[in-house]
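Here's the structure we're looking at; comments come further down.
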Amino acid sequence: AHCDTPLKENVTLPNILRDKAGYHTAAFGKWMLGYDESVGSPNRVGFDVFYGTLHGANGWNYYPPYQWACNRWKGQDRLINDKLASNVDQTPPGGQPWLCKGVFNQSGHDCSYNQEIYLQKALYFLRNASRTGKVPFFMYLAFHIPHADDAFHDPQTGYGIPVPTDSPYTNKPWNQAEKNHASMISLMDGYVGKLMSTLAECGIQNDTLVIFSSDNGATNEGGHDYLFFNSSGPLRGCKGCTYEGGIREPMIVHLPGIVHHGVSHYPFAFYDLMPTLAAAAGIDISTLHGIQGQSVLPTFLGQKQDNHFLYWELVEGCDNSDHPSCCSVGRVARMANWKLLWNNGVDSRPQLYDLDVDVHEDNDVCAQNQDIALLMMSQAKKMHSDDLNWPTKVCSHGYKSSCEGNK
């Protein structure tokens with residue numbers, strides 16, 4: 001999403017939880033669903049507390065000159081601009097704020113790494129909510145990690161992947177971008193550990209549902225090569241692709257004694273989380289109008305669910321760009337074990353894969369199963385809706401993938 005196209009829906013997860021179930025709500029980190037005081041601004045979609053970034057470009061900046069903040073608990077309903085003086089003041093003459101610290105602290109300046117700020121804000125929220133009885137609560141913590149700073153793509157300098165330090169990988173025989181990427185992942189792992197420790201410290205670890213996931217497949221940006229650590233495993237492609245390597249994400253769900261212990265292969269999408277968490281909060285989801293998706297709470301609890309039809313669109317899907325993270329397959333549908341990909345042009349050749357036997361999507365079986373492909377395309381058409389902000393691009397070319405070679 002981009003800040004110049006604010007979230008339009010007035011039915012949002014924090015609104016539902018706050019208004020229908022009495023939840024206290026907070027968000028920290030990357031937002032990108034509405035600029036300051038737009039209809040999609042975090043303080044207008046149901047969050048009591050917010051600290052983070054609104055703009056896409058600033059969202060890739062790990063040493064930004066400012067962040068946005070609001071706190072209704074303190075009577076601050078409007079977003080304010082929170083300037084990070086250390087980042088602004090240390091900007092080199094003619095330089096950019098996000099370079100004030102270089103890759104790590106080469107200049108000796110004590111700049112503010114915003115991921116650490118988000119963590120500290122989140123930990124304070126948890127402790128304060130527990131101490132003052134502001135429960136139940138819903139907290140959304142959106143780290144940028146491991147997103148690259150898109151202004152730089154130099155593997156040797158690592159500038160595209162800013163971290164405070166490349167420890168514990170400093171002496172590895174890797175280029176600097178790979179050291180920084182690995183350090184980023186370890187850094188976030190430590191952040192999650194501190195989050196879980198704080199829940200235990202507050203005595204609420206057995207009463208708090210924790211969900212951890214990502215919005216994209218393995219990144220291939222900032223000088224990092226996703227093949228270096230085999231980040232997609234057996235899957236094809238990477239972030240920006242509509243192959244499984246771009247859209248299939250693991251999700252960890254934790255609530256001792258309640259959430260089923262084990263591994264589930266049940267496929268669902270992020271748009272299923274709103275009805276799922278609403279149901280977990282005791283809200284009758286049949287009363288919620290205008291939402292998509294279905295509750296997967298039964299899967300969380302270890303119960304069997306029938307597969308439901310899934311559909312995605314990639315608005316950059318018809319781009320002829322040769323950027324390695326772009327694949328021009330604009331529409332994707334999933335029905336049980338079947339995965340269909342196609343573009344919007346008349347010359348587009350749909351591809352159909354049986355993921356039960358072909359998770360790497362090598363063997364296109366569309367010709368042998370045209371009835372299944374037509375059924376899936378018909379169902380997808382019912383789920384599509386036109387939007388002036390996200391117009392459907394018509395492709396004049398057939399299927400093209402610049403992720404080829406990323407196998």
Side-chain angles (χ1 to χ4, degrees), residues 1 13 29-33 59 115 140-148 181-182 184-189 191-192 195 209-222 224-255 259-260 262-277 292-297 299-300 305 307-317 324-327 329-341 353 355-356 358-361 403 406-407:
L13 180 57
K30 191 175 181 179
W31 179 242
M32 292 179 65
L33 289 171
Q115 308 303 287
Y140 171 59
L141 177 56
F143 292 119
H144 305 181
I145 292 174
H147 202 294
H181 179 80
M184 263 192 177
I185 301 300
S186 294
L187 194 63
M188 182 172 61
D189 186 55
Y191 289 165
V192 175
L195 190 75
L209 176 67
V210 180
I211 297 175
F212 178 86
S213 191
S214 176
D215 62 344
N216 281 291
T219 180
N220 203 49
E221 301 166 342
H224 163 65
D225 180 352
Y226 84 101
L227 294 174
F228 189 83
F229 296 113
N230 191 29
S231 299
S232 292
L235 307 179
R236 179 178 177 178
C238 58
K239 175 185 175 181
C241 289
T242 45
Y243 289 122
E244 292 295 276
I247 65 173
R248 182 188 289 208
E249 298 305 317
M251 175 177 283
I252 301 171
V253 183
H254 179 270
L255 182 57
V259 169
H260 175 67
V263 177
S264 170
H265 297 283
Y266 183 79
F268 61 96
F270 267 111
Y271 53 71
D272 293 319
L273 280 182
M274 180 188 286
T276 300
L277 296 182
Q292 297 176 328
Q294 73 169 30
S295 171
V296 292
L297 184 60
T299 294
F300 286 6
Q305 283 190 266
N307 285 310
H308 65 303
F309 190 84
L310 300 172
Y311 177 61
W312 301 265
E313 293 183 5
L314 179 65
V315 295
E316 294 92 351
S325 67
C326 289
C327 291
V329 184
R331 301 192 178 197
V332 189
R334 174 79 185 264
M335 185 175 70
N337 56 302
W338 297 107
K339 165 98 172 277
L340 185 72
L341 304 94
Y353 299 100
L355 295 181
D356 278 355
D358 182 24
V359 73
H360 197 264
E361 298 164 282
C403 273
N406 294 344
K407 293 187 178 181

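Worth knowing before you read on, the calculation uses all heavy atoms, side chains too, and leaves out hydrogens, waters and symmetry mates.
Under the side chain to side chain donor-acceptor pair (under 3.5 Å) criterion, Ser213 pairs with no residue, sequence neighbours left out. When the side chain to side chain donor-acceptor pair (under 3.5 Å) test is applied to Arg248, the partners found at least two apart in sequence or on another chain are Glu244. Shown here are the ring-ring contact (aromatic ring centres under 6.0 Å, His included) partners of Tyr140, two or more places apart in sequence or in another chain: there are none. Partners of Gln292 under the side chain to side chain donor-acceptor pair (under 3.5 Å) rule, at least two apart in sequence or in another chain, do not exist in this structure. Phe229 meets the ring-ring contact (aromatic ring centres under 6.0 Å, His included) test with Trp174; sequence neighbours excluded. With sequence neighbours left out, Phe270 forms a ring-ring contact (aromatic ring centres under 6.0 Å, His included) with no residue at all.
Between Phe300 and Phe268, the ring planes are perpendicular. Angles over 60° get that label, and only those under 30° would be called parallel.
Remark: side-chain polar atoms of Gln305 are paired, donor with acceptor, to backbone N or O of Thr299 under 3.5 angstrom. Between the side chain of Asp272 and the main chain of Gln294, a donor-acceptor pair closer than 3.5 Å is present.
Ser232 and Gly245 make their closest contact through OG-O, 4.1 Å (heavy atoms, listed as atom of the first residue, atom of the second, distance). Smallest separation of non-hydrogen atoms from Pro146 and His181: CB-CE1, 3.8 Å. Listed here is the closest heavy atom pair of Ser231 and Ala218: CB-CB, 3.4 Å.
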> Can you list the steps and then say if Asn220 with Asp225 is a side chain to side chain contact (heavy atoms under 4.5 Å, CB included)?
Replying inline: CA-CA 5 Å; Asn220 203 49; Asp225 180 352; 3.6 Å; yes
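Judged by distance alone, the side chains of His308 and Tyr266 do bring a donor and an acceptor atom under 3.5 Å apart.
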